[in-house]
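The structure under discussion appears below in the form of structure tokens.
Side-chain atoms are counted along with the backbone in the values below, which use heavy atoms only and exclude waters and symmetry mates. Order of the sequence lines sets the chain letters (A, B, ...), proteins ahead of strands, with each chain counted from 1.
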Protein chains: 2
Amino acid sequence: MTADASDTADPARPPLPAGAAPAGSRAAAARRGGRRHAGRPTMKDVAAQAGVGLKTVSRVVNGEAGVSSDTERRVQEAITSLGFRRNDSARVLRKGTTASVGLVLEDLADPFYSPLSRAVEEVARAHGALLINGSSAEDPEREQELALALCARRVDGLVIVPASDDHRYLAPEIAAGVATVFVDRPPGRIAADLVLSDNFEGARTGVAHLIAHGHRRIGFIGDRPGIHTAKERLRGYRAAMAEAGLPVADAWVAPGSTDSDRVRADAARMLDGTDGTEPVTAFFSGNNRVTVTLVRELAAPERRDRPVALVGFDDFELADLLSPPVTVVAQDPADLGRSAAELLFRRLDGADDEPRTVSRPTALIARGSGEIPPGD
Amino acid sequence: MTADASDTADPARPPLPAGAAPAGSRAAAARRGGRRHAGRPTMKDVAAQAGVGLKTVSRVVNGEAGVSSDTERRVQEAITSLGFRRNDSARVLRKGTTASVGLVLEDLADPFYSPLSRAVEEVARAHGALLINGSSAEDPEREQELALALCARRVDGLVIVPASDDHRYLAPEIAAGVATVFVDRPPGRIAADLVLSDNFEGARTGVAHLIAHGHRRIGFIGDRPGIHTAKERLRGYRAAMAEAGLPVADAWVAPGSTDSDRVRADAARMLDGTDGTEPVTAFFSGNNRVTVTLVRELAAPERRDRPVALVGFDDFELADLLSPPVTVVAQDPADLGRSAAELLFRRLDGADDEPRTVSRPTALIARGSGEIPPGD
DNA sequence: ACGTGATCTGACAACGTTGTCCAGACCGCT
DNA sequence: AGCGGTCTGGACAACGTTGTCAGATCACGT
């Protein structure tokens, strides 16, 4: 029959073709160890070395009771002498649970999402789980690819900041028992746990703040309207204006990409009133990237003489050190991540009730830029 | 390698109602679950449903040749009807390779490390691998715990930003074939691939810049001296001073925690010359957290009358919008991460030569704060 | 001496996948 | 019809771990 367990086909390959990832290291390991099969030591090897049974090694490794201290010592010695480390893949296969959770978000390096990710990691750690994460780059297809790859690895749970608006592809996974929680944006065409900031109310409050300081013509520059948060914030802007009885000119509302050229162009248009509409005296910006671009535009020398008020959605580092310091509607991304992870582990601990939605409040932080009076 | 996992992902769902009633699919799952053991369907289940052999299903799932198109169709139908997804744990166990890499760093949410992490993820993705990452919180024990947990999961490779100064615990893992690359700081008591910024040269250049603008009394506030980068930057500071023939008073050198109270206290001490030493006219700060704290301290109203120059190690967002804009010695964290990941996959592709060290240059970015002349 | 538990230990069968190997079926050719 | 070859398809044994269960061993009370 097959060559004995000692060797899994190793047709000597001195000129390694690039492509076989494990081949090189495996070959190296083979040269080095020369033991039974070219891999790492297994419990079987440890058992042989210690002169005990396989299961006894398993018991020692897992700290189970029922092993005499003498046997345990022998096994421990064999373990350290062989450099054994349990193969968790096999364990996972046997136990059916991976003690790991997946996180799919837009961009791990975004200062808004990185604390969120860290918070999820922290909660996972507290539950003895590892975190696997991937960035979707706001690409629905990539989100799906990532999420399904994580499911194939049998993560116990999934935290998702959606880039797509249709998550029916997850239905079989959820049905099969993968706990799933959405954060920051709701899932599409599927029911699941959800953690959101109160985007509508936050935006309403921020715009009302500008109105309270005397502004009547306020520009809104936001993210692409397909994104849930962008939509909600725009809704909040309109609500605040309506509540104050103020009209909203079409020219004052500019959703779109967060590309800085786009944002600057729209801002300039609103400030200069090029299209016959009266110029705005204040901006409400839909997220931190837009805010930063606006700060740059407003700080330009040619804009200095006519100060424009600004309230931004999302806090950011050093906002308090700019001149003027930037007034923001702050979310707490770490709190969002923590809440989502806690919801997730609640499911993993067996909660089986209806999907729930958690809404987290935002906080208006007045620092200066939002309290500038209208210049007209 | 994992790319084909997504092939099976397409749920092409003719039988599902467009309305996507989750209850419906759940019920379907329950019916299905009534099968063997209430778990997820396996290839065996698919084989039974399609009326083919187990291996044939495997072939279809992996896109292997040698399956007639009719059989393939039957198998695909069974797959979607059962909601089957390959169990990668079993695959990993069988194949011995996980197509995943681990990343251990200090803090995923740190604006310096998050682009690094993202860059590693991007390279991993290009090689079809997932990224598992963990934050060590600058705790050596936690670093070890994390790194070994990742090894137990048989990640193919490991990228580490060390928190510890002794990595002998990794020797058995590396010997067993886990490719390992260190970034930002060198490994301790072990040889391995390494990617570093040229901290010494960067600091020397930054301090020389201040000297060139007329400063003779320059304070250094840095990170804890146990950290390699902190040590190197301090060495660069001393070298620049020595090259200019300038003495360095003990009171001007303050390594320590990045805690803002500590930093402010040391800064205040140096500025006021409380201990008989002449006050400094400029600061060189050892990292971005220190820089930000210094900016805050120098911007305090009572300091306004005597401008102090500042050059910081590490760039940070909005540095150009502060007043004055902050001159920095910039590293490129994404570049560090990318280089490290490339080194890693070079190993995974079979490279078996001596460990190599890659040094990346830094760039001085003059923005204003470093060009302020001495005020005495 | 003899059960009688209590304690310790190991054989064995999963877990779900993939690699090996062999057996038919079917083809075109002599 | 016989022969060699190419396609298909499936049986079976790994991969390394853990759960089950039953066998050994031992101390102890009768």
Side-chain angles (χ1 to χ4, degrees), chain A residues 1-11 22 26 36-48 50-75 79 82 84-99 152-154 176, chain B residues 1-2 4-5 8 36-48 50-75 79 82 84-99 152-154 176:
Chain A
M1 35 186 53
T2 52
D4 60 27
S6 66
D7 206 356
T8 53
D10 201 337
R26 187 167 293 244
R36 304 167 9 79
H37 39 272
R40 306 177 61 130
T42 72
M43 285 192 178
K44 204 162 135 194
D45 299 324
V46 175
V52 302
L54 180 54
K55 182 65 216 233
T56 300
V57 177
S58 172
R59 272 192 271 260
V60 171
V61 168
N62 293 299
E64 285 172 33
V67 178
S68 73
S69 63
D70 181 57
T71 309
E72 168 159 9
R73 193 184 41 72
R74 284 216 313 289
V75 172
I79 287 178
L82 291 175
F84 167 81
R85 184 159 329 275
R86 182 179 62 199
N87 185 333
D88 274 350
S89 313
R91 168 174 238 247
V92 160
L93 175 59
R94 182 65 232 248
K95 304 199 71 150
T97 184
T98 55
R153 299 203 176 210
R154 297 295 189 267
Chain B
M1 176 184 280
T2 18
D4 46 9
T8 64
R36 304 158 12 78
H37 41 272
R40 305 177 65 129
T42 72
M43 284 190 178
K44 203 163 135 193
D45 299 324
V46 175
V52 303
L54 180 54
K55 184 62 216 240
T56 301
V57 177
S58 171
R59 273 192 270 261
V60 171
V61 169
N62 293 299
E64 285 171 35
V67 178
S68 71
S69 64
D70 182 58
T71 309
E72 167 160 8
R73 194 185 41 72
R74 285 219 312 290
V75 171
I79 286 178
L82 291 175
F84 166 81
R85 183 160 328 275
R86 182 179 62 199
N87 184 332
D88 273 351
S89 311
R91 168 173 236 249
V92 161
L93 176 60
R94 182 63 231 244
K95 305 200 70 151
T97 186
T98 53
R153 299 204 174 208
R154 297 295 188 266

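Rounded to whole angstrom, the span from the CZ atom of B/Arg91 across to the C1' atom of C/dT17 amounts to 9 Å. Note: CE (A/Met43) to C1' (D/dT18) measures 8 Å, nearest angstrom. Distance, A/Arg154 CZ to C/dT17 C1': 11 Å, rounded to whole Å. If you take CZ of A/Arg153 and C1' of C/dC15, they are 18 Å apart, rounded to a whole angstrom. With rounding to whole Å, B/Lys44 atom NZ is found 13 Å from D/dA11 atom C1'. For the pair B/Asn87 CG and D/dC15 P, the interatomic distance rounds to 19 Å; values are reported in whole Å. Remark: P of D/dC15 and CG of A/Leu93 are 14 Å apart, rounded to the nearest angstrom. We find that CG of A/Leu54 is positioned 8 Å from P of D/dT17, with the value rounded to whole Å.
Within the nucleic acid shown, B/Val92 has no heavy atom closer than 4.0 Å to any nucleic acid atom. Residue-level contact check: A/Val61 touches neither bases nor backbone, having no heavy atom under 4.0 Å from any strand. Among the heavy atoms of the strands lying under 4.0 Å from A/Thr71 are primed sugar atoms or P, OP1, OP2 only; no base atom is included. Nucleic acid contact for A/Asn62: sugar-phosphate only, since backbone atoms but no base atoms lie under 4.0 Å from a heavy atom of the residue.
Here NZ of B/Lys44 is found 8.5 Å from CG of B/Leu54. Values are rounded to the nearest 0.5 Å. With rounding to the nearest 0.5 angstrom, the CZ atom of A/Arg154 is 7.0 Å from the OG atom of B/Ser89.
The shortest heavy-atom contact between B/Arg59 and B/Ala65 is CD-O, 3.8 Å. For the pair A/Phe84 and A/Thr42, the tightest heavy-atom approach, listed with the atom from each and the gap, is CE1-C, 3.6 Å.
Of the possible donor and acceptor atoms, none in the side chain of A/Thr98 sits under 3.5 Å from a partner among the backbone N and O of A/Val92. Side chain of B/Arg74 to main chain of B/Ala50: a donor-acceptor pair is present (N/O by atom type, distance under 3.5 Å, no hydrogens or angles). A/Asn62 contributes no side-chain N or O that, together with a main-chain N or O of A/Glu64, makes up a donor-acceptor pair within less than 3.5 Å.
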Protein-nucleotides 24-27 of chain C N/O pairs closer than 3.5 Å?
none

Mind listing the N/O atom pairs, protein and nucleotides 19-26 of chain D, below 3.5 Å?
{"from": "D/dG19", "atom 1": "O4'", "to": "A/Arg94", "atom 2": "NH2", "distance (Å)": "3.4"}
{"from": "D/dG19", "atom 1": "N7", "to": "A/Lys55", "atom 2": "NZ", "distance (Å)": "2.8"}

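Between D/dG9 and B/Ser68, a contact under 4.0 Å exists linking OP1 or OP2 to a side-chain N or O. Phosphate contact (OP1/OP2 of C/dT9, side-chain N/O of A/Thr56, threshold under 4.0 Å): absent.
Contact check for B/Val75 versus B/Glu72: no side-chain heavy atoms found under the 4.5 Å cut-off. Put simply, the side chain of A/Ser58 does not reach to within 4.5 Å of the side chain of A/Val61, judged on heavy atoms.
Among residues two or more places apart in sequence or in another chain, the salt bridge (Lys or Arg N to Asp or Glu O under 4.0 Å) test is passed with A/Arg86 by A/Asp88.
Considering only the side chain of B/Ala90, C/dT17 comes nearest among C/dT17, C/dT9, D/dT18.
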